[in-house]
Peer 1: 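Below you'll find the structure I mean.
Computed from a predicted structure; not experimentally measured. In what follows, chains are A, B, ... by sequence order, proteins preceding strands, each numbered from 1.
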Amino acid sequence: MTAIIVIVVIIAVLGFVVLGAYNKLVALDQKADQAFADIDVQLKQRNDLIPNLVETVKGYAAHEQGTLNAVTQARAAAAGATTVDQKVNADNMLTGALGRLFAVAEAYPDLKANTNFLELQRELSDIENKLAAVRRFFNNAVAEFNAVRAQFPTVLFAGLFGFGTEKPFFAVDTADRAAMTAAPPSVKF
Amino acid sequence: MAAVGLQTHIWANNTRSTLLLIGFPVMLTLVLFGLELVLMGFGFLPNSGGTLGQDIGLALSMLAGTIPLAVVVALIWFAIAWFGNQAMIDAMTGARKVERRDEPQLYNLLENLAISRGLQTPTLRIIDSDSLNAFASGIREGHYSVTVTRGLIAALDRDEMEAVLAHEMTHVINKDVRTMIIASIFAGIISVLCQLVFRGMFYASGGRSRDNKNGGPLILIGFAIAAVGYVFAIVIRMMLSRTREYVADAGAVELTRNPDAMISALRKVSGRSKLQAPDDVQGMFLDNDREGFTDALFATHPSIEKRIAALIRFAGGRDPGSREGSVASTATTAVPVS
């Protein structure tokens, strides 16, 4: 009789541990997916602003074709990206291309005085900051998911529940990372 | 399991809150037991007529009857607080309700946060004070309220204000006001019982009971037990309050996706949060920095430094430093509220 009770108690405790581990993994997985969706929202907003920006710059600096094309191409690549890796690459390309575009704009006083251009620049830098924040939030969620997944006792059942692989981070180039940890890129007028 | 990130940090703190809440009934039982011993010592309660050990055993068996009584008292007390709470807070803080047209930017920030969690927008209130503080109140759906000071509106930029509102929204979402009312009711009942015991001690110096030969030791043991229960009840209440602040900070980051804004808001509030209000209301403030009240065990809020350290460790935040009014690294994000 006692033996049966002991066995039932052990099974019940094990059941709770497995249940708890599973629920934690599902919650953390959801959180990371949700955070990635936040990045997507910001990326989409940025993509929507770019055609307007390119048009505005064209009006004043039409012969800067190379820079303008680079932005357009990067935007197209960003729009077509599906996996995290592709998105990371496209995002970095676009950030770089936009940086060059704003640098070029420095040479055109009329463009710099255009209110439409200023408004777009302000909006883009705002999105850039929000992107930096949601990227870190996403990476935090991913790091947490990966850590809990690899911890004991969760690691014993993670594969069984379909959480066998680690989630990829939203990485930034090493050079960019140094810049991001310092201060957001400032634009002088 | 130890916290490794924002969500596990929240889970760990919530587990701690639950354990702390369980502590209150335990302490109440302890104090009731102490009270019984004291009453028995005076002869108000019947004694076993035997040894000290038998008297203590009898007191233990009487707990079965006294605990349900204490629970009923607690429930009645809770019902009174439930209905009278908001009116009392409104009267004590001098906060004034504002509409969307009075503070459109602020109202929109709060409304967006509420919408993002599918909640009814809390009432927005403002206190005309230069100090930097905010608090959430209300215990019933549809009666929640978020109050900020005029000084806070002036000092914080848009992102920081959003973080503070999100901190208060998290208190609303987690029903922390309710938790703290339960805590203060338990602490209140325990302190009333302890006063009975302490008054009994005074009374003891006047006339010793002749009904119980174990009177002296029983009174002393009862007093000691009640004193321990009383101190622990207060410590538990303060620990519970501090735990809820960590959760609210983490919740603010979860809502705004921006740990830096919460950190720089705390930096700005630090040292400038003093606001006149009764103790129970001060416990609900964004920051409750008590001068000369350094004992960490009895503080309602963790220090700003500890809160920032938790945000850096668990939410990946960056500290702009404590220089007055300087938020160099986020200056370009600052979109003025007006």
Peer 1: At a heavy-atom separation under 4.5 Å, does A:D38 approach chain B through its side chain, its backbone, both, or neither?
Peer 2: side chain

Peer 1: Checking side chain to side chain contact (heavy atoms under 4.5 Å, CB included) for the pair B:N258/A:F137: CA distance, chi angles, key distance, verdict?
Peer 2: CA-CA 7 Å; B:N258 190 347; A:F137 189 82; over 6 Å; no

Peer 1: Distance from B:T8 atom OG1 to A:F145 atom CZ, nearest 0.5 Å?
Peer 2: 13.0 Å

Peer 1: Do A:V148 and B:W11 make a side-chain contact, defined as non-hydrogen atoms from C-beta onward lying under 4.5 Å apart?
Peer 2: no

Peer 1: Does the A:R136 side chain pair with the main chain of B:G317, one donor and one acceptor, at a distance under 3.5 Å?
Peer 2: no

Peer 1: Under 6.0 Å from the CZ atom of B:R140, do we count more than 12 heavy atoms belonging to anything else shown?
Peer 2: yes

Peer 1: Show, in sequence, the C-alpha distance, side-chain angles and deciding distance for A:K31 and B:E254, and conclude whether the side chain to side chain contact (heavy atoms under 4.5 Å, CB included) test is met.
Peer 2: CA-CA 10 Å; A:K31 196 117 268 175; B:E254 208 186 57; 2.8 Å; yes

Peer 1: In this structure, are over 12 heavy atoms from other groups packed under 6.0 Å from A:Y22 atom OH?
Peer 2: no

Peer 1: Could you please spell out the steps behind the side chain to side chain contact (heavy atoms under 4.5 Å, CB included) verdict for B:F314 and A:N140?
Peer 2: CA-CA 8 Å; B:F314 299 120; A:N140 185 293; 5.9 Å; no

Peer 1: For the atom pair CG (B:D159) and CG (A:D126), what is the distance rounded to the nearest 0.5 Å?
Peer 2: 7.5 Å

Peer 1: Does the pair B:H9 and A:E144 meet the rule for a side chain to side chain contact (heavy atoms under 4.5 Å, CB included), with working shown?
Peer 2: CA-CA 10 Å; B:H9 175 56; A:E144 191 167 30; 5.7 Å; no

Peer 1: Roughly how far, to the nearest 0.5 Å, is the CZ atom of A:R135 from the CZ atom of B:R257?
Peer 2: 15.5 Å

